[in-house]
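Sharing a structure here in structure tokens format.
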Amino acid sequence: MKKRLDRVVDQVKRVVIGKEPALRMSLCCLIAKGHLLIEDLPGMGKTTLARTLAKVLGMDVRRIQFTSDLLPADILGCSIFDKQSQQFVFRPGPIFGQMVLADEINRAPPKTQSALLEAMEEGQASIDGTTYAMPHPFFVIATQNPHHLVGTYPLPESQLDRFLIRIDLGFPDRETEREMLTGVNRRDLINDLEPAMSPADLSAMQEEAAKVHVSQALTNYLLDLVNHSRCMADGGSGLSPRAGMFLCRASQAWAFMEGREMVMPEDVQAVFPGVAIHRLRSGTVASGMAMVEQILKAVPVP
Amino acid sequence: MPASRKIHLRPTPFCYVLAGLLFAMWLSAINWENNLGLLVLAMVGSVAVVSAVHARRNLADLEITAGKVFPVFAGQYASLIIQTRNRKGHDSYDLCFDSPPMPQVKIPAHLAQLPAGSHRSCELIVDAHSRGRHEVPGVRVSTLYPLGLFRAWFWQPLTLNYLVYPQPAGSQIQPEHFAKMGWYSSSATLRPGEEFYELRPYLPGESLHHVAWKLVAKGRPWLVKEFATDGLEHPIFDFSHLSGEDVEQRLSQLALWIQESHQDDNLYGLRLPVIYYPPSSGEEHYHRCLTALAIYETEEKRKARKRRHHSRSSKKR
Amino acid sequence: MKISGPFHKPAESISRGLVYWPIASLAYASVPFIFHLSWRGSLFICLLILWRVYLEFRRLNLPSSWITAPLVIPFLAILLAEHHTIFGEEAGTLFLIGLLSIRLLELHTVRDYMITCITCYFLVVVSLLFAQGIIMSVYLFTAILLVTVSLIHLHMGSNLRASFRPALRLGMKIVVPALPLALFAFVFFPRFQGKLTLEYHSIKIGVQDSLEAGNIAQMKKDNRLAFRVEFANDQCPVSGELYWRCFVLNTTDGWRWWNGSKNRQMTGFKERPGLKYTQNITLTPQVQRWMVALDYPITIPTGALMCEGQILKNNLYGASKRQYTVVSQPEQRPQDLSPETQRRCLMLPRTLSPLVKRLVGRWKTKQKPPEALATEALRFFRDHQFIYTLDPEPVEGQDALVDFLFRQRAGFCEHYATAFAILMRTAGVPARIVTGYMGGEYNPYGRFYAIRQDHAHAWCEIWIQNKGWVRMDPTAVLAVKNPTPKALLHAAQQGMSVEGQASSLPSPRPSLWRQPAWWTKLSRAPRLWWELAEIQWNRWVVGYDRHSQEKLFKHLGMTQFRWLAVLAAALGGTAVSGALAAAWLKRQGKKADHLRRSYETFCSNLAAAGVKRKKWEGPCDFTRRAALAFPLQAEQIRRIGLQYTRLCYGTSPTEKALVKELTARIKKLGIPKAPVN
């Protein structure tokens, strides 16, 4: 399993260079059956990362570019009257894909955002009174521009809570950027990639990861972390119980990726920033990161 | 700190009941020289004594800290979060938190179990009947565990502050046209907005852009269409403009307006005799305004001031 | 600042399912009493308990007081029908149990729960008034544990399934340290001499000071232990000679026999050459105010009196003696015959039948000495096919004697003794009845005799000039016909000839009628060992009274028994043992966290070497860092880290052996040294 995962990482690395931590985090999110939120400035390679991942994992990708005039029906689909059969026929929207790439999600109005997020949360969508289930590996990668940019509708906290992990990519270093400039076009590279894994493999991995042992001591550590976040002076209302559950799942996935049979405090510490930053009510990512660090350093490891 | 803490022990009524029964049995065992009876009596007594040791042990090495408190409106219940960490190697059970110096504590907090090494939070429910900043001097942590024959307790001084906003109440209509009352600066700062607000007479020299030409065509005088914009024609709730003598009522009215405006996501300002917040919106502004109302001259302060005033005036005389 | 305000009241309801605990406690604590209650009462209580369990199980509403309160009436009726009172230990306790069971139907608050459990503690102590055996004590110990666990459950939280094991563990942690504490208090806490005016109303053991038809038959059905005897120097008589005298009855109205003469005190006798038996007798605690001695006691133990007929009596003004030593000489027959006694011992019932007179007249014609007359009477019993049975047809009315002598000719010791005494009196020979015990069961391990209630016996003594009072046991000459197993057993016990065969030396307890020989052989040893255990129990625990305590203190060097000093010592000792218990508990708590502690040692060792673990650093990161810092010990450090993480976070449960191994490894590593460069 680990080998296969490494192959995936290698494949993706060929296209997305210098972003291995972010890449691992997104894989971890995928294995933990969560949804991923990538937040960074435009042009940092968010879309490239998402596309590459989808291609390597052999999933079918649907991309939705969120704009300010996007309507819920544009995502979910709608019923159209078919003249031949004299019936309404449902035309599924782009959300009915295994991997949905929701680009610049915070550019759409809240109504549209919530349509997507509801589908993410429930694993199903209700359209015209009928409920449609999502395909089985269902993975949403949403990208988001930082709030301070013009023309954005920031996602409310409740919506942010539905993303398991949030990552940012950051500027590449000089060498990486040089490679990007001199090398082949990234988009072309994606087309050349071969899938390294099938959706069935992914499902199996998800099952396996869920079985990774979480000991009593580790549960206590998790609870302590979550609890500490709740009683910090400036941490808003702290991490929700759902966040605690997500944290546990993500840690299991991380431990699984490390090839371990049990979750270690190190696993929790590795995924904690990704899980916690967007959930702690804080103005900027930097202060969120500081807060996460503060929590991690305040809670002793058992 | 936990080492020097004194854990008190007090027998419960049930302990007295048991002691009474055992005493009666002791008399009869003496009477009949029932030696085995004495042994079993000693056994039951020893169980009670050992249970007292366990009761003390249950409270040992607990670290109590105050958690966050969310402000509430008067008439509601405030919940004070108390964090308890168990530093022992074994679990603690049946921890009860209350604060006898505070009669406002309505529902004592209770933790059924606190596993070794972990920490939990629980909440004291406090009846917030009057506005202001209140303080709980500490909590008393007690336990009946393990047998309910002894209650062990200790006092943990804490600084638990909680803020109570005035109860939102009142029947006066929200002021929407305070602009006319002159709280705004001149119209020169007006910026074009989106919402039509009112018509006012044209002042010579103004841009012709906003003149209501249709009305002019109908033969009306020149009027200028004015548009409301953010940060300008929003109400400022003023304490001194409210009728009525009772300070509390006026504060309640202000609180109600602020609450309504906040819910409708409107902008609003607040002016108290001592403080002025320009119109704004958002959580922070909302809480800042309500806090100002909450700590505005409480009853005691007012009385003290009156007394001072009185004495001063009498001195003058 | 007033810190110690009132605590909130325990009037809240208990959570569902918790109620099974007080029910179980009550049921368990009541079991010893059920034997004292008729099947009706037991059924009533069982039904109440089942009702409550059903209500809980189906989650139904509890009945109101209007329904439960009248339930007292039927129970009261049952009690009154059997005990005629609701006061006194037995009836009172049963009434309490009934009330508690009825109250159980309404039990839903914390207070009810607590009161029920506390009363269960009380019941546990009360049940010792009724039985004091080893098994009982062990049972009561488990009952205390159960009640304690029930109380723990109430305060442990709501999750019942999860809390059972910790509750049990904690119950043990409370009860087990309480045991030495209790023993200490038991041994050293000063006893008081107390005699309140409370009396047992029932469940007495021992012979009564009067003889009425059926008295002894009742005792024969009871095989409880009455007393135990150890003989000094292992000098003991043959079992046919084991006559334990208790009361001498010289007056009769034809129906009842009692001691009519005033208690005339006697002094002891001088020892004469001949057989001498020194007995060390331990009476069971239930025995009240009488003392036994082998025929015929010559010394008077302290606190006792010797009365006419050479019997021992408790000094009424002292505490009753349970353990005493007495010397008996079989040759020292009672020699006293005051005129008053003589008159009483010749007194005949007023309604003596002429038939009896005629029978005796036939023997008397020949002017025989008293011995010959006695032989005639005994021969009469033997030759006319008198049989021994514990269940004779009831003989009634004035002619009971005639009925027995000429028609029924079946009965047991009391019939024969009374008949023989009257026959002798009719013949003009002074005769009286002695009640007590006969025989005994020898325990070779403890070297003592155990005498039970069913050894009770009645026999006669006749006055013979120059010899004194001579023992005559008419029952001993009987032939047992159509024997019922029980009668056979008793006959054999009392040294009678079975089927006409004279048996001089009956075995202590002959093989029972139904039991095969191998079973008897097999069961004999454990039974005897058990007897031994019981006597030790009785001697050291049940018999540990004020005198034993005084003796112990003297033995410990406290020559002057000082009440206050002892009290101080007791309190001090209690405090010390309490402190010890607390220390032990503390250690227990730490022991649980062995793994953690050894890891902490590891960390502090490394910190001493310069690599300090940050408190938030996980074990993997830390050991990796440490291994880099100490390349020489890297392998060891890494292994320790691996093992610790496996134990702390892994799937396998923390095993003691593995933790020990880890501790050893950490010890071996010690404080690593940084590489010299």
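Predicted, not measured: the structure shown is a model, and the values here were computed from it.
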(request) Find the one option among L151(C), L183(C), I115(C) whose heavy-atom pairs under 4.5 Å with chain B are most numerous. (result) L151(C)
(request) Compute whether any side-chain donor of one residue and acceptor of the other, for Y145(B) and S92(B), lie under 3.5 angstrom apart. (result) no
(request) Give, as side chain, backbone, both or neither, the part of I144(C) having an atom under 4.5 angstrom from any heavy atom of chain B. (result) side chain
(request) Identify which part of F184(C) has an atom lying under 4.5 Å from any heavy atom of chain B, answering side chain, backbone, both or neither. (result) neither
(message) Please rank V17(B), T143(B), L21(B) by heavy-atom pairs under 4.5 Å with chain C and give me the top one.
(response) L21(B)
(request) Select one option (side chain, backbone, both, neither) describing which atoms of V49(B) are under 4.5 Å from chain C's heavy atoms. (result) side chain
(request) Look at A178(C), G171(C), S127(C), P180(C) and state which one has the largest set of heavy-atom pairs under 4.5 Å with chain B. (result) A178(C)
(request) Just say parallel, tilted or perpendicular for the rings of F73(B) and Y165(B), cut-offs at 30° and 60°. (result) perpendicular
(request) Measure the shortest side-chain to side-chain distance between Q156(B) and R140(B) over non-hydrogen atoms and say whether it is less than 4.5 angstrom. (result) no
(message) Testing the 3.5 Å rule here: is there a donor-acceptor pair between the side chains of H90(B) and N58(B)?
(response) no
(message) Checking side-chain polar atoms at under 3.5 Å, does R151(B) have a donor or acceptor matched by the opposite partner on T12(B)?
(response) no
(request) Find the one option among L147(B), D94(B), V40(B) whose heavy-atom pairs under 4.5 Å with chain C are most numerous. (result) L147(B)
(message) Using heavy-atom distances under 4.5 Å, tell me whether S150(C) contacts chain B through its side chain, its backbone, both, or neither.
(response) neither
(request) Look at V187(C), L179(C), L140(C) and state which one has the largest set of heavy-atom pairs under 4.5 Å with chain B. (result) L179(C)
(request) Would you indicate whether the side-chain heavy atoms of V139(B) and I64(B) approach each other to under 4.5 Å? (result) yes
(request) Verify the distance criterion only: is there a donor paired with an acceptor across the side chains of T65(B) and Q83(B) at less than 3.5 Å? (result) no
(request) Among G148(B), P146(B), A116(B), single out the residue with the greatest number of heavy-atom pairs under 4.5 Å to chain C. (result) P146(B)
